Amino acid sequence: MSRPFKIEIAESEEELKKRLQTANVGSHKEQLQMLWWFKSGQVKEQQELGKRLGRDTSTVTRWLQKYRLGGLSRLLEIKKAPGADRKALAVH
């Protein structure tokens, strides 16, 4: 049995549920679901979160760390690939 983890979730259960219902990016749904399960008391351990989400515990740990460092905005941040912008393909 893994040890319980501590994390302070600023958002209310209702807010998380509302955002979960309107999320349109798959990874955001998983991340919001994770926070909602924890906030609502359904899950108490990282290992259990990983099992429910079908994710490795290291992924859950990384997501929780992002949340701890910058809240929901940091967790749901969409990273842009480095390099030049894609050029429109010319039609010949």
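These figures come from a predicted structure and were not determined experimentally.
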Side-chain polar contacts of residues 8-15 - donor-acceptor pairs under 3.5 angstrom, sequence neighbours left out - could you list them?
from : atom 1 : to  : atom 2 : distance (Å)
E11  : OE1    : Y67 : OH     : 2.5
S12  : OG     : E15 : N      : 3.0

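Between the side chain of T61 and the backbone N or O of T57 there is at least one donor-acceptor pair closer than 3.5 Å.
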Stepwise side-chain contact (heavy atoms from CB on, under 4.5 Å) test for L32 and L72: CA-CA 9 Å; L32 288 163; L72 206 52; 3.9 Å; yes
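Between the OG1 atom of T59 and the CG atom of L53 there is a distance of 9.5 Å, given to the nearest 0.5 Å. Between F38 atom CZ and L64 atom CG the span is 8.0 Å, to the nearest 0.5 Å. Here the CZ-CD distance, from R74 to Q65, works out to 8.5 Å after rounding to the nearest 0.5 Å. In this structure, CE in M34 is found 13.5 Å from NZ in K39, a value given to the nearest 0.5 Å. Note that CG of L49 is 11.5 Å distant from CD of E30, once rounded to the nearest 0.5 Å. Summarising the geometry, atom CD1 belonging to I78 is positioned 4.5 Å from atom NE2 belonging to H28; distances are rounded to the nearest 0.5 Å.
No more than 12 heavy-atom neighbours from other residues, nucleotides or ligands sit within 6.0 angstrom of CZ on R19.
Among residue pairs with one or both ends in residues 59-71, none qualify as salt bridge (Lys or Arg N to Asp or Glu O under 4.0 Å); sequence neighbours excluded.
At a threshold of 4.5 Å between non-hydrogen side-chain atoms, the residues W36 and V43 do not count as touching.
If you chain together hydrophobic residues whose side chains sit under 4.5 Å apart, I7 and L75 fall into the same group.
Partners of K29 by side-chain contact (heavy atoms from CB on, under 4.5 Å), not counting sequence neighbours, listed by chain and number: L20, A23.
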